Amino acid sequence: ETGLVTLDDGYANTGSCSSAITFIDGEQGILRYRGVPIEDLAARSSFIETAELLIFGELPDAAERDEFRALLTDSAALHRDMRKHFDGFPVDAHPMAVLSAMINAIQAYDLPEIHITDEAGFRRAAAGLLSKTRTIAAATYKSHVGQPIAYPRPDLAYAENFLHMMFSVPYRDFEPTPEMAHALNMFLVLHADHEQNCSTSTVRMVASGGANLFTSVSAGVTALWGPLHGGANMAVLDMLEGIHDEGIPAQRYISMAKDRSSGVRLMGFGHRVYRNFDPRARVLKEAAYNLLESMHVTDPLLDIAREVEELALADDYFRERRLYPNVDFYSGIILRALGIPKDMFTVLFAIGRTPGWIAHWKEVHDNPAQRIQRPRQLYVGNPLTQWLPRDER
Ligand code: SDX
């Protein structure tokens, strides 16, 4: 009687849908991209190979990979007039606001990626969006620190190139260690897609109305920003820094997080789907330890994270509610070790998630049974109400 329709209505009004891109088993803690386990991809696949798997449906052979990488390099630059947009933002504008606005602005310029009429055009558009997202993020940071933009080097893989574009200066190229490049590559692979989460569902919703790839992904960036979603990686660092700087005992923080009236949550814990460990959290926890060890640095926040995790996992409140570390709990430790400023953490999440958003946009765009998504509601407002003239109200 609520008007909810079922899956067999194709893209039902409820917004539920069928998809062939990512599989999650929340009970078992399983995550696969196009059937490939996330653990294999995180250990052995480059971010761009993973992106091609998600977007085109299979891992590329050497020729396909080289062709796509050439497209990425050739489409890294923004239209010269987009510079005016950057200069219009305050240098301390939030990087997510800049990213969302700039991705949407791309389509205002007659760039080769905009007019998708065939598969070759879609490959150009996918490469262009992946490449320009990286350029916009790095240029935002350069604008903030008052340094000139560093353009990508054709000889570097995507993750390494991002670190180069962030931290190289005209008189010295930044050379990330293999461990740093591997940690960022793994971070991006683990964020590349996650089924029908808040931001991906937003992309699908906007795409279902027939909007183009850039507008749809720009909407996804905006939806990702909230602290309950992609913004959680920044919120986890705020939490760990607060515990550290104010000397709050971890157990006390856990007690506050259990008390709804405190307004405090254990950020980086819990998930709408996983009722077990988020498989990405396991991989990121190990990556955080390995990266810091390779850099011969210790981070007190990592020790606090581990203590908080151990206490929470042993606590009935979290166990009864099946609350476990999610993708955001350890990811910030890695980004902090790489020198990424905290207000860019969610931008890095967005860069990682862009292949998934592209794949979902294409799945909606190509579906002949596609209907505009139109969730229904249960009306609980006023019954029929008569209009009264102002002097009778
Ligand atoms: C991402 O959907 C995706 O796939 C998202 C994502 C992706 O890759 O796209 O995986 C990325 O967004 C991960 C989640 C990042 N967010 C956080 O870490 C924020 C902290 N987590 C929570 O706010 C919460 O767990 C959510 C938002 C993740 C899930 O919310 P739910 O499933 O709606 O849980 P709920 O709010 O209904 O809470 C159920 C109970 C409540 O207690 P009771 O009312 O039963 O007493 O669990 C409690 C909540 O108070 N609870 C928490 C908690 N999360 C839930 N209590 C303390 N700390 C928490 N983190």
Side-chain angles (χ1 to χ4, degrees), residues 15-17 19 21-27 29-33 38 41-42 50 54 96 187-204 217 219-240 242-243 250-285 305 308-309 311-313 315-333 345-346 348-357 359-360:
S16 301
C17 69
S19 172
I21 299 169
T22 291
F23 171 75
I24 297 175
D25 180 325
E27 290 298 326
I30 293 172
L31 172 57
R32 299 179 194 140
Y33 295 163
I38 192 66
L41 292 166
T50 301
L54 283 165
M96 284 294 278
F187 172 96
L188 296 173
V189 166
L190 291 169
H191 284 76
D193 193 50
H194 210 243
E195 201 222 63
Q196 305 302 319
N197 58 82
C198 173
S199 51
T200 302
S201 300
T202 301
V203 171
R204 292 184 76 104
V217 169
V221 172
T222 307
L224 184 72
W225 196 349
L228 296 187
H229 190 17
N233 57 15
M234 291 191 294
V236 168
L237 251 291
D238 288 339
M239 172 181 77
L240 296 174
I243 292 171
Q251 185 55 62
R252 173 128 59 85
Y253 193 89
I254 293 282
S255 302
M256 290 194 294
K258 289 159 56 176
D259 172 8
R260 268 255 175 158
S261 64
S262 73
V264 164
R265 282 211 148 180
L266 190 52
M267 300 312 279
F269 256 68
H271 199 275
R272 289 309 301 268
V273 176
Y274 290 121
R275 294 310 180 204
N276 197 324
F277 247 86
D278 181 335
R280 301 168 297 178
R282 287 188 203 283
V283 178
L284 286 166
K285 177 179 181 179
V308 165
E309 177 190 6
L311 289 169
L313 293 179
D315 190 299
D316 288 343
Y317 171 94
F318 294 91
R319 268 209 305 253
E320 286 159 5
R321 292 167 176 79
R322 305 181 77 184
L323 303 174
Y324 294 89
N326 61 45
V327 66
D328 295 304
F329 193 66
Y330 283 102
S331 59
I333 301 280
F345 284 8
T346 311
L348 269 290
F349 192 145
I351 292 174
R353 189 53 53 89
T354 298
W357 288 333
H360 284 273

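Just so you know, these numbers use all the heavy atoms, side chains as well, and skip hydrogens, waters and symmetry mates. Both counts, for ligands and for their atoms, begin at 1 and track the order of listing. Note that the coordinates shown come from a computational prediction; the quantities given were computed from them, not determined experimentally.
- Residue contacts with ligand 1, taken as heavy atom pairs separated by less than 4.0 Å, involve L228 via backbone and side-chain atoms alike.
- At a 4.0 Å heavy-atom cut-off, ligand 1 does not touch F329 at all.
- Here the side chains of E309 and K285 are in contact, with some heavy-atom distance below 4.5 Å.
- Protein heavy atom nearest atom 13 (C) of ligand 1, with residue, atom name and distance: D328 OD2, 3.5 Å.
- Within the 4.0 angstrom cut-off, atom 46 (O) of ligand 1 has one or more protein heavy-atom neighbours.
- Ring to ring, Y324 and Y274 are not that close: their centroids are 6.0 angstrom or more apart.
- Atoms of ligand 1 found under 4.0 Å from any heavy atom of Y317 (numbered from 1 in listed order, with element): 42 (O), 48 (C), 50 (O), 52 (C), 56 (N), 57 (C).
- Checking L266, D259, L224 against atom 58 (N) of ligand 1, the nearest heavy atom belongs to L266.
- For atom 29 (C) of ligand 1, a protein heavy-atom neighbour is present inside the 4.0 Å cut-off.
- Here is the list of ligand 1 atoms found below 4.0 Å of a heavy atom in G268: 17 (C), 18 (O).
- Under the 4.0 angstrom criterion for non-hydrogen atoms, R275 is in contact with ligand 1.
- Using a 4.5 Å heavy-atom threshold, the side chains of W357 and S199 count as touching.
- Proximity of M256 to ligand 1, defined as any heavy-atom pair under 4.0 Å, is not found for any part of the residue.
- At a heavy-atom cutoff of 4.0 Å, ligand 1 is contacted by the side chain of R353 but not by its backbone.
- Across all non-hydrogen atoms, the minimal contact from I243 to V308 is CD1-CG2, 4.2 Å.
- Comparing heavy-atom distances from atom 25 (O) of ligand 1 across G270, A235, P325 singles out G270 as nearest.
- Contacts of R280 with ligand 1, taken as heavy-atom pairs under 4.0 Å, involve the side chain alone.
- Here the two rings, on H194 and H271, have centers that are under 6.0 Å apart.
- Nearest residue to atom 43 (P) of ligand 1 from R322, Q196, R321 is R321 (criterion: closest heavy atom).
- Between the side chains of H191 and R353, not a single donor N or O lies within less than 3.5 Å of an accepting N or O.
- Protein heavy atom at the shortest distance from atom 32 (O) of ligand 1 is R272 CD, 2.9 Å.
- Sorted by first and then second residue, the side-chain hydrogen bond (donor to acceptor under 3.5 Å, both in side chains) pairs with a member in residues 253-265 read K258-D315, D259-S261; sequence neighbours excluded.
- Contacts classified as salt bridge (charged side-chain N to carboxylate O under 4.0 Å, His left out) and involving residues 266-283 (residues at least two apart or in different chains) are given here: D278-R280.
- Contact check for V283 versus L190: side-chain heavy atoms found under the 4.5 Å cut-off.
- An N or O contact shorter than 3.5 Å links F269 to ligand 1 by distance.
- Minimum heavy-atom separation, N326 to G270: ND2-O, 2.9 Å.
- Of all heavy-atom pairs spanning S331 and L284, the tightest one is CB-CD1, 4.1 Å.
- Not a single N or O atom of A232, backbone or side chain, sits closer than 3.5 Å to an N or O atom of ligand 1.
- A cation-pi arrangement is present between R321 and Y317 under the rule of less than 6.0 angstrom and at most 45 degrees off the ring axis.
- Remark: minimum distance from atom 12 (O) of ligand 1 to any protein heavy atom is reached at H229 ND1, 2.9 Å.
- Only side-chain heavy atoms of R260 come within less than 4.0 Å of ligand 1; its backbone N, CA, C and O stay farther off.
- For N197, heavy-atom contacts with ligand 1 shorter than 4.0 Å involve the backbone as well as the side chain.
- Protein heavy atoms are found inside the 4.0 Å sphere centred on atom 6 (C) of ligand 1.
- With a 4.0 Å heavy-atom cut-off, ligand 1 is reached by the side chain of L323 but not by its N, CA, C or O.
- Here the protein heavy atom with the shortest distance to atom 4 (O) of ligand 1 is H194 ND1, 2.6 Å.
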Give the C-alpha distance, both sets of side-chain angles, the deciding distance and a yes or no for side-chain contact (heavy atoms from CB on, under 4.5 Å) between I24 and T22.
CA-CA 7 Å; I24 297 175; T22 291; 4.2 Å; yes

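- Considering only non-hydrogen protein atoms, atom 35 (P) of ligand 1 sits nearest to R265 NH2, 4.1 Å.
- For the pairing with N233, the side chain to side chain contact (heavy atoms under 4.5 Å, CB included) check across I333, D328, V327 returns one residue only, D328.
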